[in-house]
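Written out below as C-alpha coordinates is the structure these notes cover.
Note that ligands are numbered from 1 as they come in the structure, with each ligand's atoms numbered from 1 the same way. These numbers were taken from a predicted model, which means no experiment stands behind them.
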Amino acid sequence: MTKQEVYLDNSATTRPYPGVVRAVVEAMEEYYGNPSSLHRKGVEAGRLLSRAREAVAASLGADPGQIVFTGGGTEAINLAIKGTPPGRKGRHVITTAVEHPAVLNACAQLKEQGIEVTVLPVDGQGVVDPQQLRSALRDDTYLVSVMYVNNEVGAVQPLDEIAGVLADFRRAGHRPVWHVDAVQAYGKLPTRPGELGVDLLSVSAHKAHGPKGVGALYVAPRTRLQPLLAGGGQENGWRSGTENTPGITGFGAAAAEITRQGPEGAQRLFALKKRLVEGILAAVPGAVLNGPPCEQGNPRCAPHIANLSFPGLRGEILLHWLEGQGVYVSTGSACASRKNPGSHVLKAMGVKGEQLEGAIRFSLSALNTAEEIDYAVEQTVAAVRELYALYK
Ligand code: PLP
(Lines give C-alpha, C1' and ligand atoms only; values in the text may rest on other atoms or scores of the structure.)
Protein backbone atom coordinates (compact mmCIF):
# COMPACT_ATOMS: atom_id res chain seq x y z
CA MET A 1 0.00 0.00 0.00
CA THR A 2 1.25 3.52 -0.72
CA LYS A 3 2.02 5.74 2.25
CA GLN A 4 -1.01 7.44 3.77
CA GLU A 5 -1.78 9.73 6.70
CA VAL A 6 -4.04 7.90 9.11
CA TYR A 7 -5.05 9.77 12.24
CA LEU A 8 -5.94 7.32 15.01
CA ASP A 9 -5.45 9.58 18.04
CA ASN A 10 -9.01 10.82 18.21
CA SER A 11 -9.29 10.41 21.97
CA ALA A 12 -6.56 13.03 22.30
CA THR A 13 -8.41 15.32 19.92
CA THR A 14 -10.36 15.13 16.70
CA ARG A 15 -10.15 16.96 13.41
CA PRO A 16 -12.87 19.63 13.31
CA TYR A 17 -15.64 19.07 10.76
CA PRO A 18 -15.44 21.54 7.84
CA GLY A 19 -18.82 22.97 8.94
CA VAL A 20 -17.34 23.62 12.39
CA VAL A 21 -14.40 25.53 10.92
CA ARG A 22 -16.76 27.61 8.76
CA ALA A 23 -18.97 28.38 11.77
CA VAL A 24 -15.98 29.49 13.86
CA VAL A 25 -14.60 31.72 11.10
CA GLU A 26 -18.02 33.25 10.43
CA ALA A 27 -18.50 33.98 14.13
CA MET A 28 -15.12 35.70 14.26
CA GLU A 29 -15.55 37.69 11.06
CA GLU A 30 -19.20 38.64 11.24
CA TYR A 31 -20.44 38.24 14.80
CA TYR A 32 -17.66 39.66 16.91
CA GLY A 33 -19.92 41.62 19.26
CA ASN A 34 -20.03 40.88 22.95
CA PRO A 35 -23.20 38.87 23.61
CA SER A 36 -23.86 41.07 26.66
CA SER A 37 -23.81 44.30 24.63
CA LEU A 38 -27.17 45.97 24.09
CA HIS A 39 -26.65 47.08 20.49
CA ARG A 40 -27.27 45.06 17.34
CA LYS A 41 -23.76 43.52 17.28
CA GLY A 42 -24.33 42.21 20.79
CA VAL A 43 -27.80 40.91 20.02
CA GLU A 44 -26.49 39.05 16.95
CA ALA A 45 -23.72 37.42 18.96
CA GLY A 46 -26.25 36.55 21.67
CA ARG A 47 -28.41 34.89 19.05
CA LEU A 48 -25.48 32.74 17.90
CA LEU A 49 -24.89 31.73 21.49
CA SER A 50 -28.54 30.76 21.98
CA ARG A 51 -28.54 28.71 18.81
CA ALA A 52 -25.41 26.85 19.88
CA ARG A 53 -26.89 26.25 23.33
CA GLU A 54 -30.00 24.77 21.74
CA ALA A 55 -27.90 22.49 19.52
CA VAL A 56 -25.73 21.25 22.41
CA ALA A 57 -28.82 20.78 24.61
CA ALA A 58 -30.55 18.79 21.85
CA SER A 59 -27.50 16.52 21.47
CA LEU A 60 -27.80 15.73 25.20
CA GLY A 61 -31.61 15.44 25.26
CA ALA A 62 -31.61 18.44 27.62
CA ASP A 63 -33.13 21.91 27.83
CA PRO A 64 -30.96 24.86 26.78
CA GLY A 65 -31.23 26.28 30.32
CA GLN A 66 -29.38 23.23 31.64
CA ILE A 67 -26.23 23.90 29.62
CA VAL A 68 -23.30 25.90 31.03
CA PHE A 69 -20.55 26.59 28.50
CA THR A 70 -17.04 26.25 29.88
CA GLY A 71 -13.48 26.46 28.62
CA GLY A 72 -13.33 22.70 27.92
CA GLY A 73 -13.89 19.35 29.57
CA THR A 74 -11.37 19.96 32.35
CA GLU A 75 -13.13 23.14 33.41
CA ALA A 76 -16.58 21.53 33.31
CA ILE A 77 -15.26 18.73 35.53
CA ASN A 78 -13.64 21.16 37.97
CA LEU A 79 -16.86 23.17 38.16
CA ALA A 80 -18.82 20.00 38.89
CA ILE A 81 -16.46 18.61 41.51
CA LYS A 82 -15.30 21.76 43.26
CA GLY A 83 -18.52 23.71 42.72
CA THR A 84 -20.80 21.14 44.35
CA PRO A 85 -21.43 22.37 47.88
CA PRO A 86 -20.91 19.64 50.51
CA GLY A 87 -23.91 20.90 52.46
CA ARG A 88 -24.20 20.64 56.21
CA LYS A 89 -23.44 16.92 56.55
CA GLY A 90 -21.28 16.29 53.46
CA ARG A 91 -17.75 15.14 54.09
CA HIS A 92 -17.25 12.28 51.65
CA VAL A 93 -16.80 11.91 47.88
CA ILE A 94 -16.59 8.73 45.79
CA THR A 95 -14.82 8.36 42.47
CA THR A 96 -12.95 5.63 40.57
CA ALA A 97 -9.32 4.70 39.99
CA VAL A 98 -9.56 5.11 36.20
CA GLU A 99 -10.86 8.67 35.98
CA HIS A 100 -9.16 11.35 33.91
CA PRO A 101 -6.64 13.46 35.91
CA ALA A 102 -9.14 16.36 35.82
CA VAL A 103 -11.39 14.32 38.13
CA LEU A 104 -8.64 12.71 40.20
CA ASN A 105 -6.77 15.97 40.79
CA ALA A 106 -9.95 17.95 41.55
CA CYS A 107 -10.77 15.27 44.14
CA ALA A 108 -7.21 15.54 45.49
CA GLN A 109 -7.84 19.26 46.03
CA LEU A 110 -11.02 18.44 47.96
CA LYS A 111 -8.95 16.08 50.09
CA GLU A 112 -6.60 18.93 51.00
CA GLN A 113 -9.68 20.75 52.28
CA GLY A 114 -10.55 17.89 54.62
CA ILE A 115 -13.02 15.97 52.41
CA GLU A 116 -12.58 12.18 52.47
CA VAL A 117 -12.27 10.60 49.03
CA THR A 118 -12.98 6.93 48.32
CA VAL A 119 -11.44 5.71 45.06
CA LEU A 120 -13.25 2.62 43.78
CA PRO A 121 -11.09 -0.08 42.16
CA VAL A 122 -11.82 -1.58 38.74
CA ASP A 123 -11.63 -5.13 37.41
CA GLY A 124 -9.11 -6.41 34.86
CA GLN A 125 -11.11 -4.79 32.05
CA GLY A 126 -11.27 -1.36 33.68
CA VAL A 127 -14.89 -1.66 34.81
CA VAL A 128 -16.26 -0.57 38.20
CA ASP A 129 -18.50 -2.89 40.21
CA PRO A 130 -21.71 -1.01 41.15
CA GLN A 131 -21.97 -3.15 44.29
CA GLN A 132 -18.67 -1.69 45.47
CA LEU A 133 -20.20 1.74 45.03
CA ARG A 134 -23.18 0.60 47.09
CA SER A 135 -20.84 -0.51 49.90
CA ALA A 136 -18.84 2.74 49.74
CA LEU A 137 -21.85 5.08 50.08
CA ARG A 138 -22.11 6.70 53.52
CA ASP A 139 -24.48 9.07 55.27
CA ASP A 140 -22.02 11.90 54.59
CA THR A 141 -21.41 11.09 50.88
CA TYR A 142 -22.41 14.20 48.95
CA LEU A 143 -20.78 13.61 45.55
CA VAL A 144 -20.20 10.60 43.30
CA SER A 145 -18.12 11.05 40.13
CA VAL A 146 -17.93 8.10 37.71
CA MET A 147 -16.86 8.46 34.09
CA TYR A 148 -18.88 7.09 31.16
CA VAL A 149 -16.15 5.89 28.75
CA ASN A 150 -12.55 5.50 29.85
CA ASN A 151 -10.22 7.48 27.64
CA GLU A 152 -7.34 4.99 27.66
CA VAL A 153 -8.95 1.57 27.25
CA GLY A 154 -12.52 2.36 26.15
CA ALA A 155 -14.21 0.63 29.09
CA VAL A 156 -17.85 1.74 29.31
CA GLN A 157 -18.92 1.99 32.93
CA PRO A 158 -22.28 0.44 33.90
CA LEU A 159 -24.05 3.77 34.37
CA ASP A 160 -27.53 2.24 34.36
CA GLU A 161 -26.64 -0.03 37.30
CA ILE A 162 -24.93 2.86 39.06
CA ALA A 163 -28.11 4.90 38.56
CA GLY A 164 -30.01 2.05 40.26
CA VAL A 165 -27.64 2.02 43.25
CA LEU A 166 -27.95 5.78 43.62
CA ALA A 167 -31.74 5.64 43.25
CA ASP A 168 -31.86 3.17 46.19
CA PHE A 169 -29.62 5.49 48.21
CA ARG A 170 -31.88 8.44 47.39
CA ARG A 171 -34.97 6.45 48.38
CA ALA A 172 -33.32 6.02 51.76
CA GLY A 173 -33.38 9.81 52.14
CA HIS A 174 -29.90 10.77 50.91
CA ARG A 175 -29.16 13.48 48.34
CA PRO A 176 -25.82 12.75 46.68
CA VAL A 177 -24.95 14.68 43.54
CA TRP A 178 -23.92 12.41 40.66
CA HIS A 179 -21.37 13.73 38.16
CA VAL A 180 -20.44 11.88 34.99
CA ASP A 181 -17.37 12.72 32.91
CA ALA A 182 -18.83 11.94 29.49
CA VAL A 183 -16.02 13.56 27.48
CA GLN A 184 -15.14 10.34 25.63
CA ALA A 185 -18.71 9.13 25.24
CA TYR A 186 -20.16 12.30 23.76
CA GLY A 187 -20.83 11.88 20.05
CA LYS A 188 -20.05 8.15 20.19
CA LEU A 189 -22.62 6.65 22.58
CA PRO A 190 -26.07 7.90 23.60
CA THR A 191 -25.41 10.64 26.16
CA ARG A 192 -28.71 11.64 27.71
CA PRO A 193 -28.15 12.60 31.35
CA GLY A 194 -31.83 13.27 32.08
CA GLU A 195 -32.77 9.66 31.28
CA LEU A 196 -30.17 8.27 33.69
CA GLY A 197 -30.84 10.63 36.57
CA VAL A 198 -27.38 12.21 36.29
CA ASP A 199 -27.13 15.61 38.04
CA LEU A 200 -23.99 16.95 36.37
CA LEU A 201 -22.37 15.80 33.13
CA SER A 202 -19.23 17.12 31.46
CA VAL A 203 -18.51 17.16 27.73
CA SER A 204 -15.82 18.68 25.54
CA ALA A 205 -16.19 19.93 21.98
CA HIS A 206 -12.76 19.01 20.63
CA LYS A 207 -13.24 15.29 21.24
CA ALA A 208 -16.27 15.38 18.95
CA HIS A 209 -14.95 17.32 15.93
CA GLY A 210 -15.55 20.72 17.53
CA PRO A 211 -13.01 23.39 18.51
CA LYS A 212 -10.56 23.12 21.40
CA GLY A 213 -11.00 25.03 24.65
CA VAL A 214 -14.77 24.80 24.80
CA GLY A 215 -16.95 22.38 26.68
CA ALA A 216 -20.17 22.23 28.62
CA LEU A 217 -21.54 21.14 31.94
CA TYR A 218 -25.09 19.82 31.96
CA VAL A 219 -26.80 20.81 35.19
CA ALA A 220 -30.02 19.00 36.10
CA PRO A 221 -32.86 21.09 37.54
CA ARG A 222 -32.52 21.87 41.26
CA THR A 223 -28.82 20.92 41.35
CA ARG A 224 -26.87 23.26 43.63
CA LEU A 225 -23.65 24.58 42.20
CA GLN A 226 -21.27 27.32 43.24
CA PRO A 227 -19.30 29.13 40.54
CA LEU A 228 -15.52 28.82 40.56
CA LEU A 229 -14.95 32.17 38.86
CA ALA A 230 -16.01 35.53 40.24
CA GLY A 231 -16.98 38.03 37.56
CA GLY A 232 -19.80 39.41 35.47
CA GLY A 233 -22.23 36.55 36.06
CA GLN A 234 -22.43 35.14 32.51
CA GLU A 235 -23.82 31.63 31.96
CA ASN A 236 -26.53 32.03 34.57
CA GLY A 237 -23.92 33.10 37.10
CA TRP A 238 -22.18 29.71 36.91
CA ARG A 239 -19.32 30.73 34.63
CA SER A 240 -18.32 34.36 34.50
CA GLY A 241 -16.29 35.77 31.64
CA THR A 242 -17.17 36.98 28.15
CA GLU A 243 -18.41 33.95 26.27
CA ASN A 244 -16.12 32.34 23.68
CA THR A 245 -18.65 32.98 20.92
CA PRO A 246 -16.61 31.48 18.05
CA GLY A 247 -15.72 28.35 20.03
CA ILE A 248 -19.26 27.89 21.29
CA THR A 249 -20.66 28.41 17.79
CA GLY A 250 -18.29 25.72 16.49
CA PHE A 251 -19.37 23.46 19.35
CA GLY A 252 -22.99 24.02 18.30
CA ALA A 253 -22.15 22.98 14.73
CA ALA A 254 -20.45 19.78 15.99
CA ALA A 255 -23.41 19.05 18.28
CA ALA A 256 -25.87 19.42 15.41
CA GLU A 257 -23.84 16.85 13.47
CA ILE A 258 -23.91 14.46 16.45
CA THR A 259 -27.70 14.73 16.61
CA ARG A 260 -27.94 14.24 12.84
CA GLN A 261 -25.78 11.08 12.85
CA GLY A 262 -27.67 9.40 15.72
CA PRO A 263 -26.78 5.90 16.90
CA GLU A 264 -25.74 4.59 13.47
CA GLY A 265 -22.40 6.34 13.82
CA ALA A 266 -21.47 4.06 16.75
CA GLN A 267 -22.18 0.90 14.75
CA ARG A 268 -19.94 2.02 11.93
CA LEU A 269 -17.18 2.96 14.37
CA PHE A 270 -17.44 -0.36 16.19
CA ALA A 271 -17.09 -2.28 12.91
CA LEU A 272 -13.88 -0.32 12.17
CA LYS A 273 -12.51 -0.96 15.66
CA LYS A 274 -13.25 -4.68 15.36
CA ARG A 275 -11.48 -4.79 12.00
CA LEU A 276 -8.43 -3.12 13.55
CA VAL A 277 -8.29 -5.26 16.69
CA GLU A 278 -8.94 -8.56 14.94
CA GLY A 279 -6.51 -7.72 12.15
CA ILE A 280 -3.69 -7.01 14.59
CA LEU A 281 -4.41 -9.85 17.05
CA ALA A 282 -4.61 -12.38 14.22
CA ALA A 283 -1.23 -11.34 12.79
CA VAL A 284 0.81 -10.64 15.94
CA PRO A 285 1.14 -13.59 18.33
CA GLY A 286 1.43 -12.35 21.90
CA ALA A 287 -0.40 -9.04 21.30
CA VAL A 288 -3.04 -8.37 23.96
CA LEU A 289 -6.14 -6.20 24.01
CA ASN A 290 -6.30 -4.20 27.25
CA GLY A 291 -9.88 -3.51 28.25
CA PRO A 292 -13.26 -5.10 27.53
CA PRO A 293 -13.37 -7.68 24.71
CA CYS A 294 -14.25 -6.16 21.37
CA GLU A 295 -17.38 -8.21 20.75
CA GLN A 296 -20.61 -7.22 19.06
CA GLY A 297 -23.19 -6.45 21.74
CA ASN A 298 -20.69 -6.14 24.61
CA PRO A 299 -22.07 -3.08 26.44
CA ARG A 300 -18.72 -2.52 28.22
CA CYS A 301 -16.79 -2.00 24.98
CA ALA A 302 -16.68 1.54 23.55
CA PRO A 303 -16.85 1.66 19.74
CA HIS A 304 -13.79 3.83 19.18
CA ILE A 305 -10.92 3.11 21.61
CA ALA A 306 -8.63 0.08 21.40
CA ASN A 307 -5.64 -0.30 23.72
CA LEU A 308 -3.22 -3.01 22.63
CA SER A 309 0.01 -4.23 24.21
CA PHE A 310 2.93 -5.71 22.36
CA PRO A 311 4.96 -7.29 25.16
CA GLY A 312 8.70 -6.89 24.68
CA LEU A 313 8.33 -3.57 22.82
CA ARG A 314 8.07 -0.09 24.29
CA GLY A 315 4.88 1.64 23.26
CA GLU A 316 6.74 4.85 22.60
CA ILE A 317 9.10 3.26 20.09
CA LEU A 318 6.23 1.69 18.20
CA LEU A 319 4.38 5.03 18.24
CA HIS A 320 7.27 6.83 16.56
CA TRP A 321 7.84 4.00 14.10
CA LEU A 322 4.18 4.19 13.07
CA GLU A 323 4.40 7.96 12.87
CA GLY A 324 7.14 7.47 10.28
CA GLN A 325 4.60 5.51 8.21
CA GLY A 326 1.94 8.22 8.64
CA VAL A 327 -0.09 6.45 11.34
CA TYR A 328 -0.76 8.55 14.45
CA VAL A 329 -1.52 6.73 17.70
CA SER A 330 -0.68 7.37 21.34
CA THR A 331 0.66 5.67 24.41
CA GLY A 332 -2.11 5.83 27.02
CA SER A 333 -3.59 9.31 27.12
CA ALA A 334 -2.03 12.34 25.47
CA CYS A 335 -1.81 14.27 28.75
CA ALA A 336 -0.11 11.43 30.60
CA SER A 337 2.31 10.43 27.90
CA ARG A 338 4.93 13.14 28.32
CA LYS A 339 5.35 12.94 32.09
CA ASN A 340 4.20 9.60 33.34
CA PRO A 341 5.19 6.46 31.49
CA GLY A 342 3.08 4.05 33.55
CA SER A 343 -0.62 4.56 32.88
CA HIS A 344 -2.66 4.79 36.11
CA VAL A 345 -5.56 3.20 34.25
CA LEU A 346 -3.64 0.10 33.14
CA LYS A 347 -2.07 -0.19 36.60
CA ALA A 348 -5.53 -0.04 38.22
CA MET A 349 -6.53 -2.91 35.91
CA GLY A 350 -3.60 -4.95 37.19
CA VAL A 351 -1.53 -4.65 33.99
CA LYS A 352 2.18 -4.90 34.76
CA GLY A 353 5.66 -5.24 33.32
CA GLU A 354 6.06 -5.66 29.57
CA GLN A 355 2.33 -5.47 28.98
CA LEU A 356 2.25 -2.08 30.69
CA GLU A 357 5.27 -0.75 28.84
CA GLY A 358 4.21 -2.06 25.48
CA ALA A 359 0.72 -0.49 25.37
CA ILE A 360 -0.52 1.81 22.66
CA ARG A 361 -3.93 3.34 22.08
CA PHE A 362 -5.67 3.49 18.73
CA SER A 363 -8.69 5.80 18.84
CA LEU A 364 -11.08 6.18 15.94
CA SER A 365 -13.53 8.79 14.76
CA ALA A 366 -16.34 9.18 12.26
CA LEU A 367 -13.79 10.48 9.75
CA ASN A 368 -11.81 7.19 9.57
CA THR A 369 -12.43 4.75 6.72
CA ALA A 370 -12.04 0.97 6.34
CA GLU A 371 -9.11 1.56 3.95
CA GLU A 372 -7.35 3.60 6.61
CA ILE A 373 -7.88 0.86 9.16
CA ASP A 374 -6.44 -1.75 6.76
CA TYR A 375 -3.40 0.47 6.20
CA ALA A 376 -2.96 0.96 9.97
CA VAL A 377 -3.19 -2.81 10.57
CA GLU A 378 -0.68 -3.52 7.82
CA GLN A 379 1.76 -0.92 9.13
CA THR A 380 1.38 -1.99 12.76
CA VAL A 381 1.96 -5.64 11.94
CA ALA A 382 5.00 -4.79 9.82
CA ALA A 383 6.39 -2.42 12.50
CA VAL A 384 5.96 -4.94 15.29
CA ARG A 385 7.62 -7.69 13.26
CA GLU A 386 10.60 -5.48 12.44
CA LEU A 387 10.92 -4.22 16.00
CA TYR A 388 10.70 -7.74 17.41
CA ALA A 389 13.46 -8.77 15.02
CA LEU A 390 15.60 -5.91 16.35
CA TYR A 391 14.82 -6.09 20.07
CA LYS A 392 13.69 -9.58 21.00
N1 PLP B 1 -12.14 13.63 30.59
C2 PLP B 1 -11.74 12.69 29.73
C3 PLP B 1 -12.26 11.30 29.88
C4 PLP B 1 -10.85 13.02 28.72
O5 PLP B 1 -10.44 12.07 27.86
C6 PLP B 1 -10.37 14.35 28.62
C7 PLP B 1 -9.38 14.73 27.60
O8 PLP B 1 -8.45 13.98 27.34
C9 PLP B 1 -10.85 15.31 29.53
C10 PLP B 1 -11.73 14.91 30.50
C11 PLP B 1 -10.40 16.75 29.47
O12 PLP B 1 -11.06 17.44 28.42
P13 PLP B 1 -10.42 18.79 27.82
O14 PLP B 1 -9.25 18.37 26.99
O15 PLP B 1 -11.51 19.39 27.00
O16 PLP B 1 -10.05 19.64 28.97
Within the 4.5 Å heavy-atom criterion, are [X] and [Y] side-chain neighbours or not?
X: V153; Y: L346; value: yes
X: R361; Y: N151; value: yes
X: V203; Y: L201; value: yes

TODO: Could you tell me whether M147 approaches ligand 1 through its side chain, its backbone, both or neither, with non-hydrogen atoms closer than 4.0 Å?
DONE: side chain
- [ ] Using a 4.0 Å heavy-atom threshold (strictly under), name the region of K212 that reaches ligand 1: side chain, backbone, both or neither.
- [x]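 For K212, there is no contact with ligand 1 at all, from either part.
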Open item on the list: So for ligand 1, is S11 a polar contact partner (N or O within less than 3.5 Å, distance only)?
Closed with: no
Open item on the list: Geometry only, no angles: is G73 polar-contacting ligand 1 at N/O separations under 3.5 Å?
Closed with: yes
List ligand 1 atoms under 4.0 Å from [X], heavy atoms only on the residue side.
X: Q184; value: 3 (C), 4 (C), 5 (O)
X: T74; value: 11 (C), 12 (O), 13 (P), 16 (O)
X: S204; value: 13 (P), 15 (O)
X: D181; value: 1 (N), 2 (C), 3 (C), 10 (C)
X: I77; value: 1 (N), 10 (C)

TODO: Look at the rings of F251 and F69 and say which category their plane angle falls in: under 30° parallel, 30 to 60° tilted, over 60° perpendicular.
DONE: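 Ring orientation of F251 relative to F69: perpendicular.
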Open item on the list: Is a donor from one side chain sitting under 3.5 angstrom from an acceptor on the other, for S202 and D181?
Closed with: no
TODO: Taking atom types as modelled, find out whether Q109 and K82 have a side-chain donor-acceptor pair closer than 3.5 angstrom.
DONE: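 Indeed, the side chains of Q109 and K82 share at least one donor-acceptor pair under 3.5 Å.
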TODO: Mind checking the OG-CG spacing from S309 to L356? Nearest 0.5 Å is all I need.
DONE: 7.5 Å
Task: K207 to ligand 1, any heavy atom closer than 4.0 Å - done: yes
